[in-house]
Amino acid sequence: MTVAKFWQQARAVLGAAYPEEPPQAWSFGDSPELANELLDLVLSGRKTATCDALWRFEAESEPLPAPGDLSIILDGSGIPRCVLETTDVRISPMNEVDEQFAFDEGEDDRTWNSWFAAHENYFHRVLPGIGREFSPAIPLVLERFRLMYPR
């Protein structure tokens, strides 16, 4: 299914107050497997937050998310699966992220230690691609969201 067709179906449920043009479509993680794993956590209601390095937004000249933004989330095959609404955004050094945020990301055992280890591995994989290196204090964009569709 195309993003446009998916958005038409979502808009039919969400209401005509939403724009006709589909919001940005993207997937979690850096692999099809991770995209599917994290999407499943969102669809189950366990994952209500996500983050990425501020440097990645800057390197890609991508605007930061803002409360009220909508996103279409794709699975690992690029198929649209849900619509999220951003509810809160803040920037924090990685080593200062609080335990509640780590829990709300919904991954692994939901502890801060497992969250930090998984994200450290992730950033070691993706940051060299934008000419950056991992450090525990890298600036992160912390985003909270709610599942809008499917409900």
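Note that the numbering runs from 1 along the sequence shown for the chain.
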Report the C-alpha distance between Phe123 and Leu140 in whole Å, list the side-chain angles of each, state the deciding distance to 0.1 Å, and finish with yes or no for side-chain contact (heavy atoms from CB on, under 4.5 Å).
CA-CA 11 Å; Phe123 291 125; Leu140 297 185; 3.5 Å; yes
Residue pair [X] / [Y]: nearest heavy atoms and the distance that separates them:
{"X": "Leu39", "Y": "Cys82", "result": "CD1-SG, 3.9 Å"}
{"X": "Arg132", "Y": "Glu58", "result": "NH2-OE1, 4.4 Å"}
{"X": "Leu34", "Y": "Arg125", "result": "CD2-NH2, 3.9 Å"}
{"X": "Gln24", "Y": "Glu62", "result": "NE2-OE2, 3.6 Å"}
{"X": "Arg46", "Y": "Gly106", "result": "NE-O, 2.6 Å"}
{"X": "Lys47", "Y": "Phe28", "result": "CE-CE2, 3.9 Å"}

Side chain [X], main chain [Y], donor-acceptor under 3.5 Å:
{"X": "Trp7", "Y": "Pro19", "answer": "yes"}
{"X": "Arg56", "Y": "Ile130", "answer": "no"}
{"X": "Trp112", "Y": "Val97", "answer": "yes"}
{"X": "Arg81", "Y": "Asp75", "answer": "no"}
{"X": "Arg144", "Y": "Ala49", "answer": "no"}
{"X": "Arg11", "Y": "Tyr18", "answer": "yes"}

What do the steps show when you test Leu54 against Leu64 for side-chain contact (heavy atoms from CB on, under 4.5 Å), and what is the final call?
CA-CA 8 Å; Leu54 176 62; Leu64 296 181; 3.7 Å; yes
Could you go step by step and tell me if Leu84 and Leu147 meet the side-chain contact (heavy atoms from CB on, under 4.5 Å) rule?
CA-CA 5 Å; Leu84 302 180; Leu147 180 61; 3.8 Å; yes
In the structure I gave you, are the side-chain heavy atoms of [X] and [Y] within less than 4.5 Å of one another anywhere?
{"X": "Pro139", "Y": "Trp55", "answer": "yes"}
{"X": "Ile91", "Y": "Phe57", "answer": "no"}
{"X": "Leu70", "Y": "Leu14", "answer": "no"}
{"X": "Ile72", "Y": "Pro23", "answer": "yes"}
{"X": "Trp26", "Y": "Leu74", "answer": "no"}

Could you measure the distance from the [atom1] atom of [X] to the [atom2] atom of [Y]? Nearest 0.5 Å is fine.
{"X": "Leu142", "Y": "Arg90", "atom1": "CG", "atom2": "CZ", "value": "5.0 Å"}
{"X": "Phe101", "Y": "Thr48", "atom1": "CZ", "atom2": "OG1", "value": "8.5 Å"}
{"X": "Asn95", "Y": "Phe116", "atom1": "CG", "atom2": "CZ", "value": "6.0 Å"}
{"X": "His119", "Y": "Glu107", "atom1": "NE2", "atom2": "CD", "value": "4.5 Å"}
{"X": "Cys51", "Y": "Tyr122", "atom1": "SG", "atom2": "OH", "value": "8.5 Å"}

Should Phe6 and Ile79 be marked as a side-chain contact (heavy atoms from CB on, under 4.5 Å) after you check the CA-CA gap, both sets of side-chain angles, and the distance that decides it?
CA-CA 9 Å; Phe6 178 83; Ile79 298 169; over 6 Å; no
Are Val3 and Met148 connected in the hydrophobic side-chain network, where two residues link if heavy atoms are under 4.5 Å apart?
yes
Please check if Phe145 and Leu43 belong to a single hydrophobic cluster, counting links between Ile, Leu, Val, Met, Phe, Trp and Tyr side chain heavy atoms closer than 4.5 Å.
yes
Just checking Gln100: does its CD atom have more than 12 heavy atoms from other residues, nucleotides or ligands closer to it than 6.0 angstrom?
yes
Within a 6.0 Å radius of atom CD on Glu60, are there more than 12 heavy atoms belonging to other residues, nucleotides or ligands?
yes
Between the side chains of Asn113 and Thr111, is a donor N or O closer than 3.5 angstrom to an acceptor N or O?
no
